[in-house]
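All ligand and atom numbering here is 1-based and tracks the order in the structure.
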Amino acid sequence: MNPFLKSQKIGFLGAGNMAQAMIKGLVEGGIPSKNIYVTNRTPGKLQKLQESFGVNPVSSNNELIDICDIVILAVKPQDLLAALEPVSRAFDDNTIVISVAAGIRMEKLERYIHGARLARVMPNTPSLIGRGLIGYLLNDDDDNALDSTVEDLFTPLGRVIKVFDEDQFEALMISCSSGTGFVFEMMMYWQDWIEEHGFSPEEARLMTIETFVGASLLASQAQEGVEDLQAKVTSKKGVTAAGLQSMRELEIERALRISFEKAAMRNKEMAREIK
Ligand SMILES: NC(=O)c1ccc[n+]([C@@H]2O[C@H](COP(=O)([O-])OP(=O)(O)OC[C@H]3O[C@@H](n4cnc5c(N)ncnc54)[C@H](OP(=O)(O)O)[C@@H]3O)[C@@H](O)[C@H]2O)c1
């Protein structure tokens with residue numbers, strides 16, 4: 001962990017699932033818990049976090065912003081603007097503000113946060129076990145110090161990727177965050193089919209998970225791309241080839257692309273709905 005980051009006071013506005021996963025990762029990664037500050041709408045979660053990690057509960061968002069060098073906005077998108085309104089002028093030019101809220105675009109954050117260096121970050125759910133894919137977008141692409149701060153903060157949750165505009169941010173969110181849900185959908189069909197062939201639910205679950213994990217690990221460790229790996233398991237006129245031909249005839253690719261586009265449309269619609 002970057003030694004500079006260890007000296008920074010890091011605040012979480014909102015102490016839910018995402019904040020808890022990040023706090024765990026940061027403390028395990030070497031950030032002193034005495035430098036972590038947390039607020040929450042209702043106090044129960046703060047007490048638990050204080051007991052588990054020794055972080056500092058703070059009673060108001062204004063006080064949190066006053067104390068911290070880095071403020072992570074970890075409330076639900078529909079609660080974020082209401083949370084920011086009363087504190088919008090409390091940030092100074094050096095404060096780093098990181099929003100993990102889906103659907104609140106950078107231009108809206110800039111309207112609600114005066115001063116401050118801004119980042120939008122999108123972690124997917126495997127971040128909860130340190131295997132996430134985390135995308136981020138800055139309001140100033142040339143802020144190299146902010147690049148490394150965001151990368152250091154989120155590396156405990158998984159692999160971090162910088163994106164350069166809202167379109168890329170949306171594509172990353174759909175393919176990796178919604179994408180996690182799409183992969184689960186396919187895993188359900190896999191598991192059902194295996195169970196229909198006489199395996200117990202536990203066996204079917206194991207066979208499904210290990211197939212997805214094994215294929216992913218192989219793809220991540222191999223020198224060649226996925227297309228070449230697929231060619232290696234597909235002999236001409238063989239069993240895999242017959243299955244793949246059917247997948248292509250049924251236009252699985254088209255179905256997936258349409259689903260991605262529908263998700264993108266819904267994302268835009270939701271962004272418009274958040275007032
Ligand atoms: N969980 C994920 O895997 C994931 C992935 C990607 C992005 N995100 C993003 O992360 C953000 C948080 O999600 P989450 O799953 O952690 O939600 P969550 O568990 O509901 O946590 C949100 C927390 O914010 C608190 N809160 C609401 N308004 C507040 C305010 N004005 N001041 C202080 N605290 C306030 C809530 O308090 P109460 O206890 O009173 O409700 C709650 O504890 C969302 O924007 C979401 O889009 C989450």
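For the atom pair CD of Gln191 and CD1 of Ile209, the computed distance is 7.0 Å after rounding to the nearest 0.5 Å. Atom-to-atom distance recorded for Glu269:CD and Lys262:NZ is 11.5 Å, nearest 0.5 angstrom. One finds the CG atom of Leu137 at 13.5 Å from the CD1 atom of Ile161 (value rounded to the nearest 0.5 Å). Here CZ of Arg254 is found 4.0 Å from CD1 of Ile258. Values are rounded to the nearest 0.5 Å. Summarising the geometry, atom CZ belonging to Arg111 is positioned 12.5 Å from atom OG belonging to Ser88; distances are rounded to the nearest 0.5 Å.
With a heavy-atom cut-off of 4.0 Å, Asn61 touches ligand 1 through its side chain alone. Proximity of Gln20 to ligand 1, defined as any heavy-atom pair under 4.0 Å, is not found for any part of the residue. Both the backbone and the side chain of Pro77 come within 4.0 Å of ligand 1, counting heavy atoms alone.
The protein heavy-atom contact nearest to atom 27 (C) of ligand 1 is Arg41 CZ, 3.5 Å. Considering only non-hydrogen protein atoms, atom 20 (O) of ligand 1 sits nearest to Lys76 CE, 3.4 Å. Given atom 25 (C) of ligand 1, the protein heavy atom at minimum distance is Asn40 OD1, 3.1 Å. The protein heavy atom nearest to atom 22 (C) of ligand 1 is Ala74 O, 3.5 Å. Protein heavy atom nearest atom 19 (O) of ligand 1, with residue, atom name and distance: Asn17 N, 3.0 Å. Nearest protein neighbour of atom 16 (O) of ligand 1, counting heavy atoms only, is Met18 N, 2.8 Å. The protein atom (non-hydrogen) at minimum distance from atom 31 (N) of ligand 1 is Ala83 CB, 3.4 Å.
Between Phe260 and Phe182, the two ring planes are tilted [angle within 30° to 60°].
Note: no N/O pair closer than 3.5 Å links Asp79 and ligand 1 by distance alone.
Looking at Glu273 and Arg266, a side-chain N of the basic residue comes within less than 4.0 Å of a carboxylate O on the acidic one, giving a salt bridge. The pair Glu261-Arg257 fails the salt-bridge criterion, with no side-chain N (NZ, NE, NH1 or NH2) lying under 4.0 Å from an Asp/Glu carboxylate O.
In summary, the atoms of ligand 1 found under 4.0 Å from a heavy atom of Pro123, numbered by their order in the structure, are 5 (C), 6 (C), 7 (C). Atoms of ligand 1 lying under 4.0 Å from any heavy atom of Gly14, numbered from 1 in the order shown and given with element: 24 (O), 25 (C), 34 (N). Near Leu13, with a cut-off below 4.0 Å to any heavy atom, the atoms of ligand 1 are 32 (N), 33 (C). Every atom of ligand 1 with a heavy atom of Thr42 under 4.0 Å away is listed here by number and element: 38 (P), 39 (O), 40 (O). For ligand 1 and Thr125, the ligand atoms under 4.0 Å from any heavy atom of the residue are 3 (O).
The heavy atom nearest to atom 18 (P) of ligand 1, considering only Ser99, Cys176, Gly16, Ser127, is found in Gly16. When the heavy-atom distances from atom 45 (O) of ligand 1 to Thr180, Ile104, Val75, Val100 are ranked, the shortest goes to Val75.
Leu109 pairs in a side-chain contact (heavy atoms from CB on, under 4.5 Å) with only one of the listed residues (Ile104, Asn139, Leu81), which is Ile104. Across Val75, Leu13, Asp66, a single residue satisfies side-chain contact (heavy atoms from CB on, under 4.5 Å) together with Asn61, and that is Leu13. With respect to Leu5, the side-chain contact (heavy atoms from CB on, under 4.5 Å) criterion is satisfied by exactly one of Asn35, Thr149, Asp69: Thr149.
Contact analysis puts Ala102 in contact with ligand 1, with a non-hydrogen atom separation below 4.0 angstrom.
Side chain of Glu63 to backbone of Val58: no donor-acceptor contact under 3.5 angstrom is found.
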